[in-house]
**Student:** 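Once you've had a glance at the structure underneath, I'll fire off some questions.
In listed order, ligands and their atoms are each counted from 1.
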Amino acid sequence: MTDARTTELAQRLGAVRDRLAAAVDAAGRAPGDVELLVVTKFFPAGDVSRLIGLGEREFGESREPEASRKIAEIADEVTASGAVFDMIGTVQTKKARTVARWARSVHSVDRDRLVDALARSASAALEAGERSDPLGVFVQVSLDGDPERGGVVEEALPVLAEQVAGSAGLRLRGLMAITPLSGEPQHWMAELARIRAGFLERYPEADGLSAGMSGDMEVAVEYGSTCVRVGTAIMGSRPILSQ
Ligand SMILES: *Cc1c(COP(=O)(O)O)cnc(C)c1O
């Protein structure tokens, strides 16, 4: 598909890829160290299809059933290209079974009941042949303790991480955070890096760090992000009801 929208997405994607490459270079990190997760929430399956055509393979979605519907709409293309989708938004416990069918990883795990539901769902999905690998889990850390934005506070992280690490069907991938709106991104990213250093002593293999969005990806890369979740800078503005 090469229409005006494809051209627009190609330009924006190119600009974000350039920004990311410059940030990785400035941080003295290796190219390929940081995954670009293109956040396609609120945008139609046709856009995902265009992005697959432009070579993108890693996508982030934040809502059920929007994600399931979208992926089903372009199922053949998804299978043929090997595109993968991560769940980056809040998961309702009752939606765990559906999410376990399509998600490579869930980035927003922050409570024990959700871990249980995802473990049961991922095990069932593995058994049913609906997925071939364990469900990746990033434990979301709250940097400012604001319950609105989700995440566990630092003190509660060890217990939740241990639960994930001990759950069949799940694989602990690392930590995720959303930068609080108040204060300097640098301050919060440094906090996150400090928390992560302690976490890595206990779980050296769970070295993923999902941090950084359209507005703060450079800072996140500087502080060790391995996955930036970028929506607006590639897709354009979301409808007004989005968050
Ligand atoms: C929507 C969303 C993003 C993308 O944010 P942009 O500012 O549009 O790049 C990243 N992470 C999460 C958890 C989101 O919900």
Side-chain angles (χ1 to χ4, degrees), residues 5 8-9 11-23 34-45 47-48 51 54 56 58-68 70-71 84-92 95 99 102-111 114 118 135-152 173-185 188-189 192 196 208-243:
R5 177 63 171 157
E8 182 191 9
L9 288 173
Q11 278 164 357
R12 287 168 163 276
L13 181 63
V16 167
R17 284 257 170 233
D18 287 348
R19 268 176 72 187
L20 185 57
V34 187
E35 176 175 290
L36 172 63
L37 199 66
V38 184
V39 177
T40 45
K41 66 185 183 197
F42 290 95
F43 288 91
D47 277 354
V48 180
L51 288 157
L54 292 169
E56 291 308 297
E58 287 93 22
F59 299 96
E61 285 284 337
S62 74
R63 304 190 309 171
E64 259 307 300
E66 177 190 331
S68 285
K70 204 180 288 183
I71 296 164
V84 293
F85 295 83
D86 281 1
M87 178 59 164
I88 62 171
T90 309
V91 184
Q92 291 173 270
K95 302 269 176 69
V99 170
W102 60 262
R104 174 183 60 169
S105 295
V106 177
H107 289 227
S108 42
V109 174
D110 63 357
R111 53 194 200 279
L114 179 58
L118 289 174
L135 178 66
V137 167
F138 291 81
V139 176
Q140 185 180 346
V141 177
S142 170
L143 297 171
D144 63 352
D146 178 359
E148 287 280 302
R149 316 199 85 202
V152 289
R173 295 285 323 279
L175 302 180
M176 180 273 215
I178 300 174
T179 319
L181 294 171
S182 67
E184 284 296 306
W188 296 119
M189 292 294 178
L192 180 59
R196 183 189 185 213
L209 182 64
S210 170
M213 320 201 317
S214 291
D216 60 2
M217 54 188 266
E218 284 85 359
V219 190
V221 167
E222 185 186 339
Y223 284 92
S225 172
T226 64
C227 175
V228 291
R229 310 175 307 266
V230 180
T232 312
I234 296 168
M235 309 304 294
S237 301
R238 291 182 286 272
I240 212 80
L241 42 125
S242 72
Q243 38 179 336

**Student:** Using a heavy-atom cut-off of under 4.0 Å, does the side chain or the backbone of H107 touch ligand 1, or both, or neither?
**Tutor:** neither
**Student:** Does the structure place the NZ or CZ of R104 under 6.0 Å from the centre of the six-membered ring of F59, at an angle of no more than 45° from the ring's axis?
**Tutor:**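 So R104 doesn't make the cation-pi contact.
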**Student:** Give the atoms of ligand 1, by number and element, whose distance to some non-hydrogen atom of T232 is under 4.0 Å.
**Tutor:** 6 (P), 7 (O), 8 (O), 9 (O)
**Student:** Can you list every pair that meets salt bridge (Lys or Arg N to Asp or Glu O under 4.0 Å) and has a residue in residues 136-151, with sequence neighbours left out?
**Tutor:** none
**Student:** So if I count the atoms of ligand 1 from 1 in the order they appear, which ones are less than 4.0 Å from some heavy atom of R229?
**Tutor:** 4 (C), 9 (O), 10 (C), 11 (N), 12 (C), 13 (C)
**Student:** Pick, from M217, K41, R149, M213, the option with the minimum heavy-atom distance to atom 15 (O) of ligand 1.
**Tutor:**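 Comparing heavy atoms across M217, K41, R149, M213, the nearest one to atom 15 (O) of ligand 1 lies in K41.
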**Student:** Counting N and O atoms only, with roles assigned by atom type, does the side chain of S108 sit under 3.5 Å from a partner on the main chain of G89, one being a donor and the other an acceptor?
**Tutor:** yes
**Student:** So, the side chain of R19 versus the backbone of S214: is there a donor-acceptor pair under 3.5 Å, distance only?
**Tutor:**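 Checked: pair present.
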**Student:** Suppose I only count heavy atoms of V230 and a 4.0 Å limit; which atoms of ligand 1 are within that range?
**Tutor:** 9 (O)
**Student:** Work out whether the distance between some heavy atom of M235 and some atom of ligand 1 is less than 4.0 Å.
**Tutor:** no
**Student:** Identify, with sequence neighbours excluded, every residue that meets ring pair (Phe, Tyr, Trp, His ring centres under 6.0 Å) alongside Y223.
**Tutor:** none
